Amino acid sequence: MIIVVTGAGGPTGQAVSEYFTKHGHTVIGVDKSDVDLLDRAAVQEFADRVGREHGKVDGVVHLVGGWRGSRTFAETSLDDWAVLHDLLIRTLQHVSLAFEPLLRESDNGRFVIVSAKAAERPGAGGAVYSAAKAAAEAWTLSLADSLKGTGSAAVVLVVKALVNDAMRAEKPQAAFPGFTDVRDLAEAIGGLYDRPAAEINGTRLDLTT
């Protein structure tokens, strides 16, 4: 399979890339130094190039993230909203619009984003983050509707937060309760290919339960 991983330079992207590579798939990792995901034309050119070189795309795992918050609701900064709008929403829009045609042609394609419990249970100080995550979910579910009747599915995976080895090393006494290890996330993404596209398309799969 041909798997595109955006945000591939971070710990989560590395874990997902390693998982698919280990299982014999071709991974095309993209970080901000490779393609400017805020540039619609650049993303489209990238998708077109992938299509020409590989003939298909079987997975797009969109892992561009970020977090902003405030101590109270009244202290919320709309500058933070602008940052998260670009990171969590605009990049998703560009990537999904560019790769949707290729996913429609796949016999077993998956488009995956990682959302957060905060999208369904926003806290007072997390308005910008929760709203951005909720918008990203809605956009992905719209993509899922577009993929109905094809061999592909768009799925939202929900976590409380993610944890990796570097975080554990930095805080060896921390328990990180309810966090999802990035390797477990990678396995969950891989497991989506074991289920029929029609069964999981447009679903929110909670990894915290």
Side-chain angles (χ1 to χ4, degrees), residues 5-16 30-33 35-40 43 60-97 111-145 154-189 202-209:
V5 178
T6 59
T12 307
Q14 292 172 6
V16 172
V30 180
D31 204 5
K32 57 186 177 181
S33 61
V35 178
D36 181 3
L37 298 182
L38 292 174
D39 184 332
R40 174 76 173 90
V43 176
V60 178
V61 185
H62 187 63
L63 299 174
V64 177
W67 186 87
R68 293 289 191 281
S70 58
R71 190 172 60 87
T72 67
F73 180 81
E75 292 173 303
T76 297
S77 168
L78 294 184
D79 289 339
D80 288 343
W81 168 255
V83 171
L84 292 186
H85 174 270
D86 281 352
L87 287 174
L88 303 184
I89 303 171
R90 187 64 75 192
T91 63
L92 168 63
Q93 292 172 329
H94 291 169
V95 170
S96 58
L97 289 169
F111 187 98
V112 184
I113 69 163
V114 180
S115 190
K117 297 290 284 184
E120 59 190 80
R121 296 180 62 88
V128 292
Y129 178 74
S130 298
K133 281 293 190 183
E137 288 194 18
W139 185 272
T140 302
L141 297 180
S142 293
L143 171 62
D145 191 57
V155 183
V156 177
L157 297 183
V158 181
V159 301
K160 175 183 177 181
L162 295 171
V163 63
N164 56 64
D165 289 343
M167 293 168 62
R168 292 193 178 93
E170 185 177 347
K171 296 181 178 180
Q173 304 305 318
F176 299 102
F179 284 39
T180 300
D181 190 278
V182 292
R183 287 173 295 234
D184 293 332
L185 173 71
E187 290 189 10
I189 295 170
T203 59
R204 298 174 73 255
L205 303 180
D206 193 334
L207 301 186
T208 69
T209 58

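Since this is a predicted model, take the numbers as computed values, not measurements. Positions are given from 1, in the same order as the sequence printed here.
- For residues 128-144, the set of pairs meeting the salt bridge (Lys or Arg N to Asp or Glu O under 4.0 Å) definition, not counting sequence neighbours, comprises Glu137-Arg204.
- Scanning both residues, Ala132 and Trp81, for their nearest heavy atoms gives N-CZ3, 3.5 Å.
- Rounding to the nearest 0.5 angstrom, the gap separating the CG atom in Leu84 from the CG atom in Leu78 is 11.5 Å.
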Do any side-chain atoms of residues 159-166 form donor-acceptor pairs under 3.5 angstrom with protein atoms, and if so which ones, sequence neighbours left out?
unit_1, atom_1, unit_2, atom_2, d
Lys160, NZ, Pro177, O, 3.0
Asn164, OD1, Ala166, N, 3.0
Asn164, OD1, Met167, N, 3.0
Asp165, OD1, Arg183, NH2, 3.0
Asp165, OD2, Arg183, NH1, 2.9

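- Checking each of Leu37, Val64, Val35 against Val95 for a side chain to side chain contact (heavy atoms under 4.5 Å, CB included) leaves exactly one that passes, namely Leu37.
- Looking at residues two or more places apart in sequence or on another chain, you find a side chain to side chain donor-acceptor pair (under 3.5 Å) between Thr208 and Asp206.
- Shown here are the side chain to side chain contact (heavy atoms under 4.5 Å, CB included) partners of Trp67, two or more places apart in sequence or in another chain: Tyr129.
- His94 pairs by the side chain to side chain donor-acceptor pair (under 3.5 Å) definition with nothing, not counting sequence neighbours.
- In terms of heavy-atom proximity, Ala186 sits nearest to Ala15 at CB-O, 3.7 Å.
- With sequence neighbours excluded, the residues forming a side chain to side chain contact (heavy atoms under 4.5 Å, CB included) with Ala127 are Phe73, Thr76, listed by chain and number.
- The heavy-atom pair separating Leu185 from Leu207 by the smallest distance is CD1-CD1, 3.7 Å.
- Summarising the geometry of Ser130 relative to Ala118, their closest heavy-atom pair is OG-O, 3.0 Å, with the distance given to 0.1 Å.
- Residue Leu87 comes nearest to Thr91 through the heavy atom pair O-OG1, 2.7 Å, listed as atom of the first residue, atom of the second, then distance.
- The two atoms that bring Gly202 and Leu141 nearest to each other are O-CD2, 3.4 Å, heavy atoms only.
- Remark: Phe176 pairs with Phe179 by the ring pair (Phe, Tyr, Trp, His ring centres under 6.0 Å) rule, at least two apart or across chains.
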side-chain contact (heavy atoms from CB on, under 4.5 Å) evaluation trace for Leu205 with Val158: CA-CA 6 Å; Leu205 303 180; Val158 181; over 6 Å; no

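- Looking only at side-chain heavy atoms (C-beta outward), Ile189 and Val16 come within less than 4.5 Å of each other.
- Remark: side-chain polar atoms of Gln14 are paired, donor with acceptor, to backbone N or O of Gly9 under 3.5 angstrom.
- Inter-residue side-chain proximity for Phe111 and Leu92 is flagged as met; some heavy-atom pair is nearer than 4.5 Å.
- Contacts of Ala144 classified as side chain to side chain contact (heavy atoms under 4.5 Å, CB included), with partners at least two apart in sequence or in another chain: Ala154, Asn201.
- With sequence neighbours excluded, no residue forms a side chain to side chain donor-acceptor pair (under 3.5 Å) with Thr140.
- Annotation: salt bridge (Lys or Arg N to Asp or Glu O under 4.0 Å) contacts involving residues 75-96, sequence neighbours excluded, comprise Arg68-Asp80, Arg71-Glu75.
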